[in-house]
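Here's the structure we're looking at; comments come further down.
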Amino acid sequence: MSYANLKLFALSSNQELAKKIARNMGLDLGKCNVKTFSDGEIQINIEESVRGSHVFLIQSTSSPVNENLMELLIMVDALKRASVGSVNVVMPYYGYARQDRKARPREPITSKLVANMLQRAGVDRLVTIDLHASQIQGFFDIPVDHLMGAPLIADYFDRLGLTGVNGDVVVVSPDHGGVTRARKLADFLKTPIAIIDKRRPRANVAEIMNIIGDVKGKKCVLIDDMIDTAGTITLAANALKELGATEIYASCTHGVLSGPALERIENSAITKLVVTDTIELPDSIRESEKITEISISALIADAIVRIHENRPLSPLFAMRVKSEDIV
């Protein structure tokens, strides 16, 4: 399929996802060369004409966050200097999203700083998925298309039969901040929801306080936007098990899975953890029998086409079953 004046480029953070997106669209990825000098400086050469083209540039700002962010900014600058028609950044995972407000005096709001940097570099549009805080969209003065992973996650659990048909499934939010996300998944699966009340004494440390809702004798489906060290999600799963849940499934859009995450998941009450491929996972995590990865490539490909053709994105917020969604 041919799309007039549309080009896809990908940088280093998630080449595998980029190739799947290109394959879904029937396009080849644009040619560019990324080099790192011995002192750590990044140099990028675009090896084909982009003059007047509408470029969609795929790059998650996941670990190594600063290198991937700098690589993205340099590529945007290169595109602008090559007389590109527009630069549309596809950032499946938006790094620094957790620093979205001043929680204490003299703290930065780094997610706003990143927004400023992207706009100053010349980005015309941002496409992203499940921001940690949806108000980050307001940090931009350019269009932001904020997609959702919940429909794909819902499709996966629907195929497993984890729906409200038998009355034995409940969707659980691991904290109060995720209630809207949990309710959306519950609407898809037609189940009730439960909420875990927790407090976080310091970063990456959570303590379960109470569970609001009926989970005894139920199959529980936890959902979060991201799982980093897996402390919150595993504590939640273990608490649900202690309160009589029969099976615990967990899910998230962004599998950061850093530090002790894999060990915690393996030793927890979680039956299966479902993540999308917004972040490229190392083989050690992919090989875990407890972790299943589903692809958001078809969703992003559809979004790119709709944006390019000036068609609405609202159909992308419904459940969608694609055979290629399972990695």
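Scanning for salt bridge (Lys or Arg N to Asp or Glu O under 4.0 Å) contacts around R120 gives an empty result, with sequence neighbours left out. With sequence neighbours excluded, no residue satisfies side chain to side chain contact (heavy atoms under 4.5 Å, CB included) with E289. Applying the salt bridge (Lys or Arg N to Asp or Glu O under 4.0 Å) test to E48 and every residue at least two apart in sequence or in another chain returns K7. Applying the side-chain hydrogen bond (donor to acceptor under 3.5 Å, both in side chains) rule to T191 yields no partners; only residues at least two apart in sequence or on another chain are considered. With sequence neighbours excluded, the residues satisfying salt bridge (Lys or Arg N to Asp or Glu O under 4.0 Å) with K219 are E247. Evaluation of the salt bridge (Lys or Arg N to Asp or Glu O under 4.0 Å) rule for D77 yields R81 as partners, not counting sequence neighbours.
V215 approaches A194 most closely through the heavy-atom pair CG1-CB, 4.0 Å. Residues H54 and S86 come closest through the heavy atom pair ND1-OG, 2.8 Å. Residues G95 and T61 share a closest heavy-atom pair of N-OG1, 2.6 Å. The two residues I193 and A182 make their nearest non-hydrogen contact at CG2-O, 4.0 Å. Of all the heavy atoms in C220 and V172, the pair that sits closest is CB-CG2, 4.0 Å. What you find for I270 and K290 is that their closest heavy atoms are O-NZ, 2.9 Å.
Under a hydrophobic clustering in which Ile, Leu, Val, Met, Phe, Trp and Tyr are joined whenever their side-chain heavy atoms come within less than 4.5 Å, directly or via other members, F140 and L313 fall into different clusters. I307 and V89 fall into different hydrophobic clusters, defined by Ile, Leu, Val, Met, Phe, Trp and Tyr side-chain heavy atoms under 4.5 Å apart, directly or through other members. The cluster map of Ile, Leu, Val, Met, Phe, Trp and Tyr, joined by side-chain heavy atoms under 4.5 Å apart, puts M91 and M148 in different clusters. Grouping the Ile, Leu, Val, Met, Phe, Trp and Tyr side chains by contacts below 4.5 angstrom, directly or via other members, places V144 apart from V127. Hydrophobic clustering places L147 together with L17 (ILVMFWY residues linked when any side-chain heavy atoms are closer than 4.5 Å, directly or through intermediates).
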Q: Determine, stepwise, if the pair Q99 / S111 fulfils side chain to side chain donor-acceptor pair (under 3.5 Å).
A: CA-CA 6 Å; Q99 298 185 43; S111 54; over 6 Å; no
**Q.** Candidate pair V256 and I227, rule side chain to side chain contact (heavy atoms under 4.5 Å, CB included), full reasoning
**A.** CA-CA 6 Å; V256 179; I227 296 175; over 6 Å; no
**Q.** CA sep, side-chain torsions, deciding dist, call: F157, L189, side chain to side chain contact (heavy atoms under 4.5 Å, CB included)
**A.** CA-CA 8 Å; F157 287 126; L189 298 178; 4.1 Å; yes
**Q.** Test log, rule side chain to side chain contact (heavy atoms under 4.5 Å, CB included), inputs V221 and I223
**A.** CA-CA 7 Å; V221 178; I223 184 168; 5.6 Å; no
Q: Let me see the working for T36 and E41 under side chain to side chain donor-acceptor pair (under 3.5 Å), right down to the final yes or no.
A: CA-CA 6 Å; T36 303; E41 288 187 5; over 6 Å; no
Q: Show your working on side chain to side chain contact (heavy atoms under 4.5 Å, CB included) between I211 and L243 and close with a plain yes or no.
A: CA-CA 9 Å; I211 296 179; L243 288 172; 3.2 Å; yes
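The shortest distance between side-chain heavy atoms of S62 and E280 does not fall below 4.5 Å. Contact check for I142 versus L118: no side-chain heavy atoms found under the 4.5 Å cut-off. Considering only heavy atoms from C-beta on, P192 stays 4.5 Å or farther from D214 through its side chain. Considering only heavy atoms from C-beta on, Y93 comes within 4.5 Å of M226 through its side chain. Contact annotation: the side chain of N238 approaches that of S268 to within less than 4.5 Å [non-hydrogen atoms, C-beta and beyond]. Looking only at side-chain heavy atoms (C-beta outward), L29 and K19 come within less than 4.5 Å of each other. In this structure, the side chains of I196 and H176 stay at 4.5 Å or more apart for every pair of heavy atoms. Between M70 and N66, every side-chain heavy-atom pair lies at or beyond the 4.5 Å cut-off.
Counted within 6.0 Å of NZ on K102, heavy atoms from surrounding residues, nucleotides or ligands total more than 12; the atom is thus considered enclosed. The environment of R101 atom CZ is sparse: at most 12 non-hydrogen atoms of other residues, nucleotides or ligands sit within 6.0 angstrom. No more than 12 heavy atoms of other residues, nucleotides or ligands sit less than 6.0 Å from atom CD of E67. Atom CZ of R306 has more than 12 neighbouring heavy atoms from other residues, nucleotides or ligands inside a 6.0 Å radius. When the shell of 6.0 Å around CG of D28 is examined, it contains 12 or fewer heavy atoms from other residues, nucleotides or ligands. Other residues, nucleotides and ligands contribute over 12 non-hydrogen atoms within 6.0 Å of the CE atom of M117.
A donor-acceptor contact shorter than 3.5 Å is absent between the side chain of N45 and the backbone of E47. Of the possible donor and acceptor atoms, one in the side chain of N88 sits under 3.5 Å from a partner among the backbone N and O of V55. For the pair D124 (side chain) and V87 (backbone), a donor-acceptor distance under 3.5 Å is present. Panel note: side chain N24, backbone A301; no donor-acceptor pair is recorded below 3.5 Å. A distance-only check finds a donor-acceptor pair linking the side chain of N267 to the backbone of E263 [under 3.5 Å]. The main-chain N or O of V275 is never found under 3.5 Å from a side-chain atom of H254 such that the two would form a donor-acceptor pair. T276 places a side-chain N or O within donor-acceptor distance of the main-chain N or O of T253, the cut-off being under 3.5 Å. When atom types are taken as modelled, the side chain of S288 and the backbone of I285 share no donor-acceptor pair closer than 3.5 angstrom. Of the possible polar contacts, none joining the D145 side chain to the A303 backbone as a donor-acceptor pair under 3.5 Å is found. A distance-only check finds no donor-acceptor pair linking the side chain of T292 to the backbone of K272 [under 3.5 Å].
Between the side chains of S12 and E71, at least one donor N or O sits under 3.5 Å from an acceptor N or O. A side-chain N or O of D225 and one of H132 form a donor-acceptor pair less than 3.5 Å apart. A donor-acceptor pair shorter than 3.5 Å can be found between the side chains of D228 and S258. S297 and S295 form a side-chain donor-acceptor contact under 3.5 Å, judged by distance and modelled atom types alone. Side-chain N/O atoms of N116 and K112 include a donor and acceptor closer than 3.5 Å.
A salt bridge links E16 with R286: the distance from a Lys NZ or Arg NE/NH1/NH2 to an Asp or Glu carboxylate oxygen falls below 4.0 Å. Electrostatic pairing of D277 and K20 counts as a salt bridge here, judged by a charged N lying under 4.0 Å from a carboxylate O.
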